[in-house]
Amino acid sequence: MARRIDVTGADGVRLAAWEFADPPKDGADPAEAATRSGPGVLLLHGLMGRASHWASTARRLSARYHAVALDQRGHGRSDKPPRGSFTRDAYVDDAEAALDQLGLGPTVLIGHAMGALTAWQLAAKRPDLVRGLIICDMRASALGAASQREWAEWFKAWPLPFATLADVRKWFGEDDPWVERPNPARGEFYAEVMAESPDGWRPVFDPEQMLRSRETWVFDAHWEELAQVRCPALVVRGLDGELGRAEAQEMVRVLPHGQYAEVADAGHLVHYDQPETWLAAIEPFLDSVPVD
């Protein structure tokens, strides 16, 4: 069961927030079941992602927390303004507005990749709104111009449109030349961000907007904001992810109240590759974060 909540982000951008929970039991009122209680948790997906990538995590957490996942600007069902801002400030301001309008603060922020960067920047900016932070496989160091060029070439290599969703799963899970070995979970991840059009299946996002969004961390490091996070924070990396162990441990050292967790047999898409191990890594931390 999913419930959509519309919120307004920076510059009036319409954002879609989502609650995910198991269907109500027999005889239960669906409207009552949709009303969540408990400490707030806001989940922020990564670049090209969408709120539904957090569905299994949000369902698990909804028994004890008011868990909401946000489609960030340019993603999912949220607005994709052609001339909109895709800066770090825009993403952070959107998340801040969502917390205020949803009444989730003080909350725990859970972010994957780009969403993790948004989360720790917001935690540094508004410590009154954030009581805990989970960073999933996101680097604090700048990636460099070569990385941006590689991504531009990668987008051009996509064989769009895909004829079927099975083709999406196969290409991203097996045939993508940028992937070292087959990964069915990766295929499922990208199938989730495709929509059917008259000529086949295409991404729900604009690749150019994704490249613009990415510029703001490709060319800048974000250690300073990390050091300003005052709440408890957990850095989680997949053993084969993009965040190396040495950098992850340095991030933990820089965080005033940092902790570390590692998920074996997982790449960058930690929560998709190993969902149960991912939950086993974050749930003890969530339970330990004080509720104001």
Side-chain angles (χ1 to χ4, degrees), residues 1-21 34 36 41-59 61-62 67-88 90-99 101-102 104 107 109-119 122 136-138 151 155 158 160-162 165 168-169 172 185-197 200-214 216 268-272 275:
M1 187 176 82
R3 184 170 81 104
R4 172 174 172 166
I5 309 164
D6 287 330
V7 299
T8 303
D11 304 322
V13 172
R14 183 187 56 82
L15 305 171
W18 301 86
E19 292 177 341
F20 297 96
R36 304 291 156 207
V41 173
L42 183 67
L43 300 111
L44 300 172
H45 61 74
L47 188 74
M48 301 182 294
R50 65 187 306 171
S52 57
H53 282 144
W54 289 118
S56 62
T57 298
R59 287 191 183 104
L61 298 182
S62 65
V68 180
L70 181 68
D71 277 334
Q72 296 173 82
R73 62 172 56 210
H75 297 75
R77 297 289 184 87
S78 289
D79 282 351
K80 304 165 181 63
R83 296 178 180 81
S85 175
F86 291 90
T87 63
R88 283 284 82 226
Y91 279 105
V92 172
D93 290 347
D94 284 349
E96 181 180 358
L99 283 180
Q101 292 168 48
L102 293 167
L104 289 179
T107 191
L109 295 175
I110 302 177
H112 173 244
M114 179 191 75
L117 176 56
T118 300
L122 179 55
C136 180
D137 216 69
M138 181 60 186
W151 270 65
F155 278 133
W158 290 18
L160 297 174
F162 292 96
L165 278 179
V168 174
R169 294 185 180 97
F172 287 101
R186 188 173 186 269
E188 292 296 333
F189 183 93
Y190 282 97
E192 190 76 13
V193 295
M194 296 290 162
E196 191 170 18
S197 61
W201 293 83
R202 295 180 177 275
V204 298
F205 52 79
D206 179 345
E208 288 300 318
Q209 291 185 349
M210 298 301 98
L211 288 172
R212 284 161 54 197
S213 298
R214 198 171 184 270
T216 56
H268 180 58
L269 306 176
V270 180
H271 53 306
Y272 251 62

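Heavy atoms only: backbone and side chains are in, while hydrogens, waters and symmetry mates are out.
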Chemist: Evaluate the side-chain proximity of Asp94 to Gln72: yes if any heavy-atom separation is below 4.5 Å, no if none is.
Modeler: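 A side-chain contact is absent here, since even the closest heavy-atom pair is not under 4.5 Å.
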Chemist: With no hydrogens and no angle check, is any side-chain donor or acceptor of Thr107 less than 3.5 Å from a backbone partner on Val41?
Modeler: yes
Chemist: Looking at every non-hydrogen atom in both residues, tell me the closest pair between Ala113 and Gly46 and how far apart they are.
Modeler: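 Smallest heavy-atom distance, with atoms named: CB-CA, 4.2 Å.
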Chemist: Go through the structure and list residues passing side-chain contact (heavy atoms from CB on, under 4.5 Å) with Val204, not counting sequence neighbours.
Modeler: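 For Val204 the side-chain contact (heavy atoms from CB on, under 4.5 Å) partners, ignoring immediate neighbours, are Arg50, Val193, Ala195.
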Chemist: Could you check whether atom CZ of Arg202 has more than 12 heavy atoms from other residues, nucleotides or ligands sitting under 6.0 Å from it?
Modeler: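 Enclosed: over 12 neighbouring heavy atoms sit under 6.0 Å from CZ of Arg202.
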Chemist: Report the residues that fulfil side-chain contact (heavy atoms from CB on, under 4.5 Å) with Ala97, sequence neighbours left out, ordered by chain and then residue number.
Modeler: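 Applying side-chain contact (heavy atoms from CB on, under 4.5 Å) to Ala97 gives Gln101.
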Chemist: Aromatic rings Trp18 and Phe20: how do their planes relate, parallel, tilted or perpendicular, breaks at 30° and 60°?
Modeler: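 Parallel, since the angle between the ring planes stays under 30°.
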Chemist: At their closest point, which heavy atom of Thr87 faces which heavy atom of Ser85, and how far apart are they?
Modeler: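 Result for this residue pair: OG1-OG, 3.2 Å.
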Chemist: Calculate, to the nearest 0.5 Å, the distance between atoms CZ and CD belonging to Arg3 and Glu19 respectively.
Modeler: 4.0 Å
Chemist: Please round to the nearest 0.5 Å and tell me the distance separating atom CG of Asp11 and atom CG of Asp93.
Modeler: 8.0 Å
Chemist: The criterion is side-chain contact (heavy atoms from CB on, under 4.5 Å); which residues satisfy it with Ala17, sequence neighbours excluded?
Modeler: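 Checked Ala17 against side-chain contact (heavy atoms from CB on, under 4.5 Å); matches are Ile5, Val68, Leu70, Leu102.
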Chemist: Please enumerate all residues that pass side-chain contact (heavy atoms from CB on, under 4.5 Å) together with Arg212, with sequence neighbours excluded.
Modeler: Phe86, Gln209
Chemist: Do you know the tightest heavy-atom contact between Trp201 and Leu160?
Modeler: O-CD2, 4.1 Å
Chemist: Tell me, please, which residues at least two apart from Arg186 pass salt bridge (charged side-chain N to carboxylate O under 4.0 Å, His left out).
Modeler: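 Listed in chain order: Asp176.
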Chemist: Of all heavy-atom pairs between Ser78 and Ala16, which one has the smallest distance, and what is that distance?
Modeler: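 Nearest pair, atom of Ser78 first, then Ala16: OG-N, 2.8 Å.
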Chemist: Taking all non-hydrogen atoms of both residues, which atom of Ala116 and which atom of Gly111 are closest, and how far apart?
Modeler: CB-O, 3.2 Å
Chemist: Using side chain to side chain donor-acceptor pair (under 3.5 Å) as the criterion, list what pairs up with Arg59, not counting sequence neighbours.
Modeler: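 Applying side chain to side chain donor-acceptor pair (under 3.5 Å) to Arg59 gives none.
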Chemist: Flag the pair Pro203 / Trp158 as yes when at least one side-chain heavy-atom distance between them is below 4.5 Å, and no otherwise.
Modeler: yes
Chemist: Tell me, do Ser213 and Leu47 make a side-chain contact under 4.5 Å, heavy atoms counted?
Modeler: yes
Chemist: Would you call Met114 and Arg88 a side-chain contact if the rule is heavy atoms closer than 4.5 Å?
Modeler: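 Answer yes - side chains close enough.
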Chemist: With sequence neighbours excluded, tell me which residues meet ring-ring contact (aromatic ring centres under 6.0 Å, His included) with His45.
Modeler: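 Listed in chain order: His75.
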Chemist: Pick one: which of Asp71, Asp6, Val7 meets side chain to side chain contact (heavy atoms under 4.5 Å, CB included) with Arg14?
Modeler: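 The option that passes is Asp6.
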Chemist: So, using ring-ring contact (aromatic ring centres under 6.0 Å, His included) as the criterion, who are the partners of Tyr190 when residues are at least two apart?
Modeler: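 Residues passing ring-ring contact (aromatic ring centres under 6.0 Å, His included) with Tyr190: Phe172.
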Chemist: Might you point out which heavy atoms bring Ala90 and Ala10 nearest each other, and give the distance in Å?
Modeler: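 So the two residues come closest at O-CB, 4.4 Å.
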Chemist: Just jot down the ring-ring contact (aromatic ring centres under 6.0 Å, His included) partners of Tyr91, sequence neighbours excluded, or say none.
Modeler: none
Chemist: Below 4.5 Å, heavy atoms only, C-beta onward: do Leu15 and Arg73 meet side chain to side chain?
Modeler: yes
Chemist: Within this structure, what is the CZ-CZ distance for the pair Phe189 and Arg169, rounded to the nearest 0.5 Å?
Modeler: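 These two atoms lie 14.0 Å from each other.
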Chemist: How long is the straight-line distance from CG of Leu44 back to CG of Leu122, given to the nearest 0.5 Å?
Modeler: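 Leu122 atom CG to Leu44 atom CG measures 8.0 Å (nearest 0.5 Å).
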Chemist: Please name all residues satisfying side chain to side chain donor-acceptor pair (under 3.5 Å) with Asp206, sequence neighbours left out, ordered by chain then number.
Modeler: none
Chemist: Who are the ring-ring contact (aromatic ring centres under 6.0 Å, His included) partners of His112, not counting sequence neighbours?
Modeler: His268, His271
Chemist: Suppose we screen for side chain to side chain donor-acceptor pair (under 3.5 Å). Which residues come up paired with Arg214, at least two apart in sequence or across chains?
Modeler: Ser147, Gln148
Chemist: Just so I know, are the side chains of Leu61 and Ile110 near enough to count as touching, which here means a heavy-atom distance under 4.5 Å?
Modeler: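 Yes, at least one pair of side-chain atoms sits under 4.5 Å.
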